[in-house]
Amino acid sequence: MNINNVVFERSFGTSSQLPASTLPEIAFAGRSNVGKSSLLNKLFNRKGLAKVSQTPGKTATINFFSCDSVRFVDLPGYGYAKVSKSEKERWAELIEGYFAQERNLALVVSLVDIRHAVSALDEGMVGFLREAGLPFAVALTKADKLSRQQQAKQKSAIVRQLGLATDVPTVVCSSEKGTGIDELRALVTTAAS
């Protein structure tokens, strides 16, 4: 799979619009301000493929990207975004509706901001993935904001907080510096094959 050949397919605003899962899917989930779109652009080596904004909550739909025989799924952020209650409820319906369907999930990448303690929402997402028996990895974003020593300390604390087993890949990464991007690419490429 040549990850540089990723193309945008379509966006969907409600879970009832979602197409059947005909290819393996690698989904990305995280809080509204975790840097998901920036990380996807870095991962795909394409500026502007996933829409980035200074305002958290830009991803308000489920966006599908394709590459060879796999789909990448950019889920709406959860939590922080300054949007109406009804919009947050619609996003929650989208995320829950996506996971409630029969999806061919090869991997779910749960993004967590390495600079902070894990939120209840992050714990909830990882707990859900674990209970559902879905293959998942954790990407600790915004690592460029911390020293290497702080990164190692925070990674240990987050792994402990989330109760991650040793077989759950946990990647320290930064879309600014490119830290961990090769490791993340290797994870998604392996999951896709």
Side-chain angles (χ1 to χ4, degrees), residues 1-4 6 21 23-31 33-46 50 59 64-75 77-79 95 98-99 103-193:
M1 172 179 72
N2 185 349
I3 205 161
N4 295 323
V6 171
S21 184
L23 295 172
E25 294 177 0
I26 298 173
F28 294 82
R31 288 178 56 88
N33 58 344
V34 77
K36 191 162 36 69
S37 296
S38 296
L39 186 70
L40 286 171
N41 286 333
K42 194 70 166 180
L43 180 68
F44 300 148
N45 202 21
R46 301 271 297 282
T59 305
F64 284 80
F65 303 87
S66 65
C67 179
D68 301 334
S69 58
V70 68
R71 284 203 173 91
F72 294 95
V73 183
D74 182 9
L75 297 169
Y78 49 81
I95 296 168
Y98 173 79
F99 284 116
R103 309 302 305 179
N104 184 5
L105 279 162
L107 182 69
V108 179
V109 180
S110 180
L111 281 69
V112 176
D113 189 330
I114 195 170
R115 301 172 301 168
H116 309 293
V118 174
S119 73
L121 291 170
D122 293 324
E123 287 177 337
M125 176 57 77
V126 168
F128 163 76
L129 296 171
R130 186 183 293 119
E131 287 174 28
L134 295 172
F136 73 96
V138 176
L140 302 176
T141 63
K142 303 191 180 186
D144 57 295
K145 311 291 187 199
L146 301 177
S147 69
R148 287 195 189 272
Q149 184 178 7
Q150 290 170 316
Q151 289 173 16
K153 183 179 174 185
Q154 275 297 98
K155 179 180 178 180
S156 294
I158 291 169
V159 165
R160 225 178 9 262
Q161 247 186 307
L162 291 174
L164 297 177
T166 55
D167 63 340
V168 175
T170 305
V171 181
V172 174
C173 51
S174 164
S175 56
E176 290 293 316
K177 304 283 186 189
T179 309
I181 299 301
D182 288 339
E183 188 178 349
L184 197 54
R185 274 193 194 117
L187 274 174
V188 300
T189 301
T190 300
S193 55

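- A donor-acceptor pair under 3.5 Å is absent between the side-chain atoms of Ser174 and the main chain of Thr179, judged by distance alone.
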Under the criterion side-chain contact (heavy atoms from CB on, under 4.5 Å), I'd like the reasoning laid out for Asp122 against Gln161: C-alpha separation, chi angles, the key distance, then a yes or no. CA-CA 10 Å; Asp122 293 324; Gln161 247 186 307; over 6 Å; no

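- Each ring pair (Phe, Tyr, Trp, His ring centres under 6.0 Å) pair with one or both residues in residues 127-182, not counting sequence neighbours, appears once here: Phe99-Phe128.
- Between Asp74 and Ser37, the closest side-chain pair of non-hydrogen atoms falls below 4.5 Å.
- Annotation for Val138 and Val112: closest pair CG1-CG2, 4.1 Å, computed over non-hydrogen atoms.
- Closest heavy-atom contact between Lys42 and Gly178: CE-CA, 3.8 Å.
- The shortest distance between side-chain heavy atoms of Val188 and Phe28 falls below 4.5 Å.
- The minimum heavy-atom distance linking Ile158 with Val118 is given by the pair CG2-CG2, 3.7 Å.
- For Ser21, the side chain to side chain contact (heavy atoms under 4.5 Å, CB included) criterion is met by Glu25, Arg103, Asn104, not counting sequence neighbours.
- Lys142 NZ to Ser175 OG: the interatomic distance, rounded to the nearest 0.5 Å, is 8.0 Å.
- In this structure, OG1 on Thr189 lies 7.5 Å from CD1 on Ile26, to the nearest 0.5 angstrom.
- Remark: Lys145 NZ to Arg115 CZ distance equals 6.5 Å, nearest 0.5 Å.
- Listed by first then second residue, pairs satisfying ring pair (Phe, Tyr, Trp, His ring centres under 6.0 Å) with a partner in residues 149-193 number zero, not counting sequence neighbours.
- Residues Cys67 and Ile3 share a closest heavy-atom pair of SG-CA, 4.0 Å.
- Rounded to the nearest 0.5 Å, atoms OG1 (Thr141) and CD (Glu176) are 11.5 Å apart.
- Closest non-hydrogen pair, Arg185 versus Leu43, comes out as NE-O, 2.8 Å.
- If you take CZ on Arg71 and CZ on Phe64, they are separated by 7.0 Å, rounding to the nearest 0.5 Å.
- Under the salt bridge (Lys or Arg N to Asp or Glu O under 4.0 Å) criterion, Arg46 pairs with no residue, sequence neighbours left out.
- Side-chain N or O atoms of Lys155 include none that pairs as donor or acceptor with a backbone N or O of Leu140 at under 3.5 Å.
- When atom types are taken as modelled, the side chain of Ser110 and the backbone of Val108 share no donor-acceptor pair closer than 3.5 angstrom.
- The structure places CD1 of Ile114 at 12.0 Å from NZ of Lys153, a figure rounded to the nearest 0.5 Å.
- Ring geometry for Phe44 versus Phe65: interplanar angle of 30 to 60°, hence tilted.
- Partners of Gln150 according to the side chain to side chain contact (heavy atoms under 4.5 Å, CB included) rule, which considers only residues two or more places apart in sequence or in another chain, are Leu146, Ser147.
- Between Val70 and Leu23, the closest side-chain pair of non-hydrogen atoms is not below 4.5 Å.
- In this structure, Leu40 and Phe72 have side chains that are not in contact, with every pair of non-hydrogen atoms separated by 4.5 Å or more.
- Applying the salt bridge (Lys or Arg N to Asp or Glu O under 4.0 Å) test to every pair with at least one member in residues 129-140, sequence neighbours left out, gives no pairs at all.
- Pairing each heavy atom of Pro135 with each of Leu105, the nearest pair is CG-O, 3.8 Å.
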